[in-house]
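One structure below.
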Amino acid sequence: MAHILSAVAWPYANGPRHLGHVAGFGVPSDVFSRYMRMAGHEVLMVSGTDEHGTPILIQADKEGTTARELADRNNRIIVEELAALGCSYDLFTRTTTANHYAVAQELFRQVHANGYMVERTTRGAISPSTGRTLPDRYIEGTCPYCGYAEARGDQCDSCGNQLDPTELIEPRSRINGETPQFVETQHFFLDLPALADALAAWLDEREASGTWRPNVIRFSRNILQDIKPRAMTRDIDWGIPVPLEGWEDQPTKRLYVWFDAVIGYLSASIEWARRLGEPERWREWWNDPEALSYYFMGKDNITFHSQIWPAELLGYAGRGERGGEPGAYGDLTLPTEVVSSEFLTMEGKQFSSSRGVVIYLRDVLERYQVDALRYFICAAGPENSDSDFTWREFVSRTNGELVAGWGNLVNRTASMIAKSFGEIPAPGERTDVDEALLATVRAGFDTVGGLIARHRQRQAVGEAMRVVGEVNKYVTDTAPFKLKGEDERERLATVLHTAAQAVWCCNTLLAPFLPHSANAVHRTLGGDGDLMPMPRVVEVEDLDDGHPYPIITGEYSTTPPWAFTDVPVGAPVAKPTPIFTKLDDSVVEEELARLRGEDA
RNA sequence: GGCGGGGUAGCUCAGUAGGUCAGAGCGCACGACUCAUAAUCGUGAGGUCGCGGGUUCGAUCCCCGCCCCCGCUACCA
């Protein structure tokens, strides 16, 4: 048994999440966490909404509200949709808690004290009317190379040249059109070069473990090549104050949103322990060198998890070339594995809320079964390369695999049992066919479990479905529906018991992927209550400042073991109702019309 | 431009440290069966494994060149 930190990327609180988001981090992290709990490990799964940064501020301005109000609203939306998806967080919180502020400031202070946070004067663009940093992306103007009038400050979309915003002809703010001011400004830089050797040593060790996905480790090594100090503060009035004398009171200097967002993994762990009433409990996942940590995210986040976050941890511990010592949190463990997904596209195009190429999670959850979506993501998600979501494939996988394959197996098995016995029958003597099926099912636990542990969920779910296929074949071959004679009664009982036993176990194999329907199947076969625990949304108050907000949490100690368990002989089985809903082909056209903006 | 990923049956993809490696699922055709949401089971057709060279007894898998698609390129998160 190990302590496993399941660290899930923090969704940015600028609106509801779309399928690309949950395919990248939501579902994979939940499958992994649920499986690890079933396998007997002590899992701590944390995340929250990331609420600082320029985009939220701008959007709030646009809507005539405050950043805080906007964050409150979007936090609630995201909490509700992730809970509905069944993501079993121990704590899903947010970056605007007093606890998070304190933890982020503690890290900054110690990294600074250890000498890895250096002050520098830089030239940057600010908005003259607000004094806020104007990120390169928010400046546009005429490209000096090709004359394109709407080049962005970081890159020209027309000719592809990389730009410096000062090169733009007639630069203007994309936010309000004003001319940006290029000013000298003081910022703190994380001295990544001073931590580069330590980072490289850590990556060497991680690479040697052989478990990282190849593209992730390669990319991480790559960005280590020309590593430079990176600014960790911004001129902005929305964020965490810089906890140093002379800086604290400056209303326009704040920590860079990415500096604080990754600290959320630690602060959420601490908040979880505090809410539990055992405030030091988080240390089991963070101070024990044997503890394992897995970070789930989309590939656009790799830099922050395989470089910035480990650098912050190394700097905090004083493990760079300048030495130093750990702060109050002690020596914190670096990521065991950065598990990055690729991107999900949508009918061949990249998701884009602004261009309307988007399917929001909540819309899907409103119209379709949550496990149908989870199934699609597990079976066809962007695990090792980009993958495409199409409504046609969604319908075809749901109908062909979930409904006709798995759901129908449950249904035909339960129907026959209900009709012939009304309860799970006790088996008579088993034949070779029966034993062979049970052996196949038993072997499934090692195979499927091993694949999930290695983050090969597509193959894992495929393997589980292959076992389902074997059970369907068994039912067809043994043809219990033909065993009608009184002298065949015992054989019938044996066959139906074996089928029920196999379905019972397949349900366990599929439970990390399909937790909601696992509960339905469980009851169909006479099980008591829920098989898989579900997260719940709880209204809480900030532990330090009383601000109310919703969290996702749960009691997962009742998680069933990842093992062959006996189907309850004698448990009543009634005529079943189908677990999964078959989708009409018209869904495809309907949804495509919706995408085109026609109301269906 | 740089870095990375990918181009394998109609579709979605797996695969080989080079020699039963030409595969799976879906779709299609045919057959079996009827317990089940017309679900299930079996059989079959189908591909010069992006293009051109090279190394080798032998390459889809290694090397070189080329074409095409996609992503990232670090102060948006």
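Just so we're on the same page: letters track the sequence lines, and every chain starts at 1. This structure is a prediction, so every number in the text was calculated from the model and none was measured.
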Does atom CZ of A:Arg392 have more than 12 heavy-atom neighbours from other groups under 6.0 Å away?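 No, not enclosed.
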What base-paired stems does RNA chain B take part in, with at least 3 consecutive Watson-Crick or G-U wobble pairs and both distances under 3.5 Å?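 So far as stems of 3 or more pairs are concerned, RNA chain B shows B:1-7 with B:67-73, B:10-13 with B:23-26, B:28-32 with B:40-44, B:50-54 with B:62-66.
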What's the gap between [N] and [M] when it is taken at their [atom1] atoms, as a whole Å value?
| N | M | atom1 | result |
| --- | --- | --- | --- |
| B:rU55 | B:rG1 | P | 31 Å |
| B:rG15 | B:rA9 | C1' | 14 Å |
| B:rC61 | B:rU8 | C1' | 11 Å |
| B:rU43 | B:rG23 | P | 15 Å |
| B:rC26 | B:rA45 | C1' | 16 Å |
| B:rG6 | B:rG25 | P | 24 Å |
| B:rC11 | B:rA74 | P | 36 Å |
| B:rC13 | B:rU73 | P | 23 Å |

Rounded off to whole Å, could you give me the [atom1]-to-[atom2] distance for the [X] and [N] pair?
| X | N | atom1 | atom2 | value |
| --- | --- | --- | --- | --- |
| A:Asn301 | B:rC76 | CG | C1' | 11 Å |
| A:Asn14 | B:rC76 | CG | P | 14 Å |
| A:His21 | B:rC76 | NE2 | P | 17 Å |
| A:Asp388 | B:rC13 | CG | C1' | 13 Å |
| A:Leu224 | B:rC72 | CG | C1' | 17 Å |
| A:Met297 | B:rA77 | CE | C1' | 14 Å |
| A:Ile302 | B:rC3 | CD1 | C1' | 12 Å |
| A:Lys299 | B:rG4 | NZ | C1' | 9 Å |

Per-nt protein contacts along nucleotides 27-41 of chain B (heavy atom under 4.0 Å; B base, S backbone sugar-phosphate only, - none) come out as ------SSBBB-SSS
Could you list the donor-acceptor pairs under 3.5 angstrom formed by side chains in residues 395-403 of chain A, with sequence neighbours left out?
residue  : atom : partner  : partner atom : Å
A:Arg397 : NE   : A:Glu393 : OE2          : 2.8
A:Arg397 : NH1  : A:Glu401 : OE1          : 3.2
A:Arg397 : NH1  : A:Glu401 : OE2          : 3.2
A:Arg397 : NH2  : A:Glu393 : OE2          : 3.3
A:Thr398 : OG1  : A:Phe394 : O            : 2.7
A:Asn399 : OD1  : A:Leu583 : N            : 2.7
A:Asn399 : ND2  : A:Leu583 : O            : 2.7
A:Glu401 : OE1  : A:Tyr375 : OH           : 2.5

Closer to the 5' end of RNA chain B via nearest nucleotide, is it A:Arg456 or A:Pro229?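 The answer here is A:Arg456.
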Using a 4.0 Å heavy-atom cut-off across all strands, classify [X] as base, sugar-phosphate, or nothing.
| X | result |
| --- | --- |
| A:Arg392 | nothing |
| A:Asp300 | base |
| A:Gln459 | nothing |
| A:Trp258 | base |

Quick test of your reading of the model: are [X] and [Y] salt-bridged, counting only N-O distances below 4.0 Å?
| X | Y | answer |
| --- | --- | --- |
| A:Asp237 | A:Arg254 | no |
| A:Lys482 | A:Glu488 | no |
| A:Glu383 | A:Arg458 | no |

Going by the rule ring-ring contact (aromatic ring centres under 6.0 Å, His included), which residues pair with A:His18 if we only count those two or more places apart in sequence or in a different chain?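 Here the qualifying residues are A:His21, A:Phe351.
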Please identify each residue that fulfils ring-ring contact (aromatic ring centres under 6.0 Å, His included) with A:Tyr116, with sequence neighbours left out.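 Applying ring-ring contact (aromatic ring centres under 6.0 Å, His included) to A:Tyr116 gives none.
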Listed nucleotide nearest any side-chain atom of A:Arg458, set B:rC75, B:rC13, B:rC76: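 Of the candidates, B:rC13 comes closest.
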Nearest to the side chain of A:Glu393, which nucleotide is it out of B:rU12, B:rG4, B:rA77?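 Between B:rU12, B:rG4, B:rA77, the one nearest the side chain of A:Glu393 would be B:rU12.
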Before you tell me yes or no, could you show the steps for A:Glu342 and A:Ser385 under side chain to side chain donor-acceptor pair (under 3.5 Å), namely the whole-Å CA-CA distance, both residues' side-chain angles and the distance that decides it to 0.1 Å? CA-CA 5 Å; A:Glu342 303 291 303; A:Ser385 60; over 6 Å; no
Can you tell me how the ring of A:Trp391 sits relative to the ring of A:Tyr368, calling it parallel under 30°, perpendicular over 60° and tilted otherwise?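 If you compare the ring of A:Trp391 with that of A:Tyr368, the planes turn out tilted.
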Name the orientation of the base relative to the sugar in B:rG46: syn if the glycosidic angle is within 90° of 0, else anti.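 Base orientation: syn.
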Please list, chain by chain and in numerical order, all residues satisfying salt bridge (Lys or Arg N to Asp or Glu O under 4.0 Å) with A:Arg491, sequence neighbours excluded.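 Listed in chain order: A:Asp434.
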Run through A:Phe259, A:Phe188, A:Trp247 and flag the one making a ring-ring contact (aromatic ring centres under 6.0 Å, His included) with A:His112.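 Going through A:Phe259, A:Phe188, A:Trp247 one by one, the ring-ring contact (aromatic ring centres under 6.0 Å, His included) with A:His112 is satisfied by A:Phe188 alone.
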